[in-house]
Amino acid sequence: MSQLTVVALRKAARKSLPIYLKIALSPLYAARLTLAIRNANLNTINRLFKEVTSGFNSVGSNTFGFSIQFAAPAPANEVGNATNTKGNVRLTVSSLRSISKRVLRLYGKISRDNAFATQLVQAAKVGNNIRLRALITPLLPSNSLVAVQGDRTGIVLQIKSSTGVVFISQFFVL
């Protein structure tokens, strides 16, 4: 059965980070992606993601957000990153850009810092959500981390954007 590993977590963060950076820096890219997500247009999402990252197996959309999956070594078959609004709140360009800006430091640290990623995976695997919160909170703007939950298959964050919309941002294995 698949389980989250440091290698898988770091790969998902490293490969998805350019997407969030492009969304944060380019209002036009963010607008095009938001429209594609709202319409669940997987071909356009796929094309937009290929502009900034590579090596993904698949993309998904539920009109409230997106997911992207990458191959991962055992015991994880595939690792993914997903970002969606909580409670089926309509996705907007400004809320997508806001959440993207908020996760940049966290995703950057995960992708660059093996020791940090190791601590996250260890805490997640034993369900130590207090430890996860302590590790993640300093990397997000004040009071934006609403909730965090980890288990052996992933880490799920609820992060409030500057627009007030709460997003579910997660790393998971399949």
Ignoring hydrogens and geometry, is there a side-chain-to-backbone donor-acceptor pair from [X] to [Y] under 3.5 Å?
X: Lys11; Y: Val79; result: no
X: Arg32; Y: Ile45; result: no
X: Ser2; Y: Leu174; result: yes
X: Ser61; Y: Gly65; result: yes

Could you give the distance from [atom1] ([X]) to [atom2] ([Y]), rounded to the nearest 0.5 Å?
X: Leu91; Y: Ile99; atom1: CG; atom2: CD1; value: 11.0 Å
X: Arg97; Y: Leu25; atom1: CZ; atom2: CG; value: 7.5 Å
X: Glu78; Y: Phe172; atom1: CD; atom2: CZ; value: 8.0 Å

Would you indicate whether the side-chain heavy atoms of Leu106 and Ile110 approach each other to under 4.5 Å?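 When only atoms from C-beta onward are counted, Leu106 and Ile110 do touch, with a gap below 4.5 Å.
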
Kindly indicate, with the supporting measurements, whether the criterion side chain to side chain donor-acceptor pair (under 3.5 Å) is fulfilled by Ser54 and Lys15. CA-CA 7 Å; Ser54 61; Lys15 299 294 272 180; 3.3 Å; yes

Tyr20 and Phe66 aromatic centres sub-6.0 Å: yes

For Phe64 and Phe167, I'd like to know if the aromatic rings sit close, meaning centre-to-centre distance below 6.0 Å. no

Applying side-chain hydrogen bond (donor to acceptor under 3.5 Å, both in side chains), can you list everything that pairs with Ser58, at least two apart in sequence or on another chain? Gln69

My understanding is that only residues two or more places apart in sequence, or in another chain, count here; which of them pass salt bridge (Lys or Arg N to Asp or Glu O under 4.0 Å) with Arg47?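 Arg47 satisfies salt bridge (Lys or Arg N to Asp or Glu O under 4.0 Å) with Glu51 only.
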
Please list, chain by chain and in numerical order, all residues satisfying salt bridge (Lys or Arg N to Asp or Glu O under 4.0 Å) with Asp113, sequence neighbours excluded. Lys109

